[in-house]
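Every value quoted in this text rests on a predicted model; they were computed, and no experiment measured them. One-based numbering along the sequence shown.
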Amino acid sequence: MRGSPLALAVALACLPAASPAGAGGHPVVLDRTEVTLGAFTAFAERAGLRTAAERDGCGHEYAGGWQRRPGWHVRAPYGAPAAPDEPAVHVTWAEARAYCEAAGGRLPTADEWRAAAYTEARPAPADGFTRGRTYPYPVGDTPEGLHIADTGARRHAPVGSGRPGVNGLHHMGGNVWEWLADRRGGEALTAGGSWWYGAAQTRRDGLQWKEAVFHAVYIGFRCATPHP
């Protein structure tokens with residue numbers, strides 16, 4: 001894989017950077033999309049990583065309570081092989097962190113994620129957003145365009161699909177929850193909501209704590225890298 005055209009495409013999948021966001025005076029840029037299944041599995045193969053979901057033989061889905069789904073894991077999020085442009089899900093917080101570190105970055109903090117998701121920072125946005133303005137949703141003043149249950153979503157969508165939002169980022173609201181760097185004991189923070197939820201979870205106060213060792217079909221991630 002290394003050095004092949006496919007490997008190059010996979011390696012570059014997480015690199016297009018968008019909104020500068022800073023914490024503690026150290027600006028970073030967030031990936032334009034969630035990390036793809038193709039990029040994550042290429043990393044896993046290089047690192048010899050077998051994910052917790054693969055070791056457990058199942059992933060998780062909520063249906064009147066958390067249900068174990070045999071055969072669901074990052075390579076087969078709904079039990080069947082998936083396309084490389086789907087978001088990488090069924091990964092734990094530690095697995096997401098390991099990917100970002102191998103890619104030269106890290107998981108974003110809540111402050112960095114919120115800054116990128118809601119406050120337009122581009123010098124001259126040409127897609128209807130206004131520099132310096134903070135929006136209630138990652139796609140603007142209304143939740144229109146989010147991939148969420150309110151708009152009929154039934155599964156996650158390919159990364160980069162749909163209308164880009166604030167700072168040109170895709171799916172900062174909806175599609176899949178995203179692991180953040182923030183920890184609270186055995187829990188880690190997630191942001192953005194998912195296709196299973198409604199618009200409320202996509203707002204800046206919709207972040208949720210989850211067990212860091214948990215893996216589910218609703219949780220993915222994106223990375224933050226130092227601002228050039």
Side-chain angles (χ1 to χ4, degrees), residues 14 16 18-21 23 28-36 60-62 66 77 85-91 93 96 107-122 125 127-182 184 187-211 214-224:
C14 71
S19 166
V28 297
V29 291
L30 268 63
D31 294 346
R32 197 172 299 278
T33 71
E34 299 133 335
V35 171
T36 64
H60 295 90
E61 177 189 30
Y62 194 86
W66 287 109
D85 63 348
E86 294 186 31
V89 296
H90 295 295
V91 296
W93 181 86
L107 291 172
T109 67
D111 287 345
E112 291 165 349
W113 196 94
R114 283 181 170 129
Y118 304 105
T119 302
E120 179 59 59
R122 291 172 292 177
D127 47 9
F129 295 100
T130 302
R131 185 182 187 187
R133 184 177 173 191
T134 297
Y135 293 86
Y137 297 97
V139 288
D141 289 316
T142 74
E144 183 180 358
L146 291 171
H147 189 69
I148 54 176
D150 295 351
T151 58
R154 294 295 178 265
R155 288 191 173 190
H156 63 233
V159 308
S161 60
R163 181 168 64 89
V166 173
N167 292 306
L169 300 174
H170 286 268
H171 294 144
M172 290 290 276
N175 212 34
V176 296
W177 287 99
E178 299 181 13
W179 288 117
L180 301 180
D182 304 60
R184 184 178 69 183
E187 295 180 311
L189 202 56
T190 59
S194 77
W195 59 267
W196 196 85
Y197 282 87
Q201 286 75 24
T202 70
R203 297 174 67 101
R204 64 183 301 115
D205 59 354
L207 279 62
Q208 292 186 1
W209 294 96
K210 297 179 175 65
E211 291 293 324
F214 189 56
H215 49 82
V217 73
Y218 312 105
I219 310 174
F221 68 102
R222 74 181 72 211
C223 304

I'd like to know if the side chain of Tyr118 and the backbone of Arg203 have a donor-acceptor N/O pair within less than 3.5 Å. yes
Q.
For Asp141 and Arg133: C-alpha separation, side-chain torsions, deciding distance, then whether side chain to side chain contact (heavy atoms under 4.5 Å, CB included) applies.
A. CA-CA 11 Å; Asp141 289 316; Arg133 184 177 173 191; 2.6 Å; yes
In this structure, CH2 of Trp209 is separated from OG1 of Thr190 (nearest 0.5 Å) by 9.5 Å
Tightest non-hydrogen contact, residues Val176 and His156, listed as CG1-CB, 3.9 Å
Scanning both residues in full, the closest heavy-atom pair of Ala157 with His171 reads CB-CE1, 4.4 Å
Relative to each other, are the rings of Tyr197 and Trp177 parallel, tilted or perpendicular (30° and 60° limits)? perpendicular
For Ala188 and Trp93, the nearest pair of non-hydrogen atoms, with its separation, is CB-CD1, 3.4 Å
key: Intermediate values then yes/no, side chain to side chain contact (heavy atoms under 4.5 Å, CB included), Arg114 and Leu207   = CA-CA 10 Å; Arg114 283 181 170 129; Leu207 279 62; 3.8 Å; yes
*Close aromatic pair by centroid cut-off 6.0 Å: Trp195 and Tyr218*: yes
Q.
Given 3.5 Å as the limit, does a donor-acceptor pair link the side chain of Asp182 with the main chain of Ala110, or not?
A. yes
- Message: So Pro87 and Asn175, do their side chains get closer than 4.5 Å, heavy atoms only?
- Response: yes
Notebook entry, point to check: Counting N and O atoms only, with roles assigned by atom type, does the side chain of Arg222 sit under 3.5 Å from a partner on the main chain of Arg32, one being a donor and the other an acceptor?
Noted result: yes
Val28 and Ala224 have their tightest heavy-atom pair at CG2-CB, 4.0 Å
- Query: Would you say the side-chain atoms of Thr202 pair up with the backbone N or O of Pro138, donor to acceptor, closer than 3.5 Å?
  - Reply: no
(message) Just checking Gln208: does its CD atom have more than 12 heavy atoms from other residues, nucleotides or ligands closer to it than 6.0 angstrom?
(response) yes
task: Anything under 30° is parallel, anything over 60° is perpendicular, the rest tilted; go ahead and classify Trp66 against His60.
output: perpendicular
Review point. Just by modelled atom types, is the Leu180 backbone N or O under 3.5 Å from a matching donor or acceptor in the Glu178 side chain?
Key: no
| request: Show your working on side chain to side chain contact (heavy atoms under 4.5 Å, CB included) between Val166 and Met172 and close with a plain yes or no. | output: CA-CA 9 Å; Val166 173; Met172 290 290 276; over 6 Å; no
One should read off an interatomic distance between Thr33 OG1 and Leu169 CG, to the nearest 0.5 angstrom, of 9.5 Å
Interatomic distance, CG@Leu107 vs SG@Cys223, rounded to 0.5 Å, equals 6.5 Å
Scanning both residues in full, the closest heavy-atom pair of Ser161 with His170 reads O-ND1, 3.5 Å
(request) May I ask you to decide if Pro77's main-chain N or O and His90's side chain share a donor-acceptor pair within less than 3.5 Å? (result) yes
The reported gap from NZ in Lys210 to NE2 in His215 (rounded to nearest 0.5 angstrom) is 14.5 Å
Main chain of Val91, side chain of Trp179: is a donor-acceptor contact present, judged purely on distance under 3.5 Å?
yes
Please find out if less than 6.0 Å separates the ring center of Tyr135 from that of Phe129. yes
CG of Leu189 to CH2 of Trp113, rounded to nearest 0.5 Å, is 10.0 Å
To the nearest 0.5 Å, atom CZ of Arg155 lies from atom CD of Glu86 at 8.5 Å
Determine yes or no for a side-chain-to-main-chain donor-acceptor pair under 3.5 angstrom, with Asn167 supplying the side chain and Ala121 the backbone.
yes
In short, Glu144 meets Val139 closest at the heavy-atom pair O-CG2, 3.5 Å
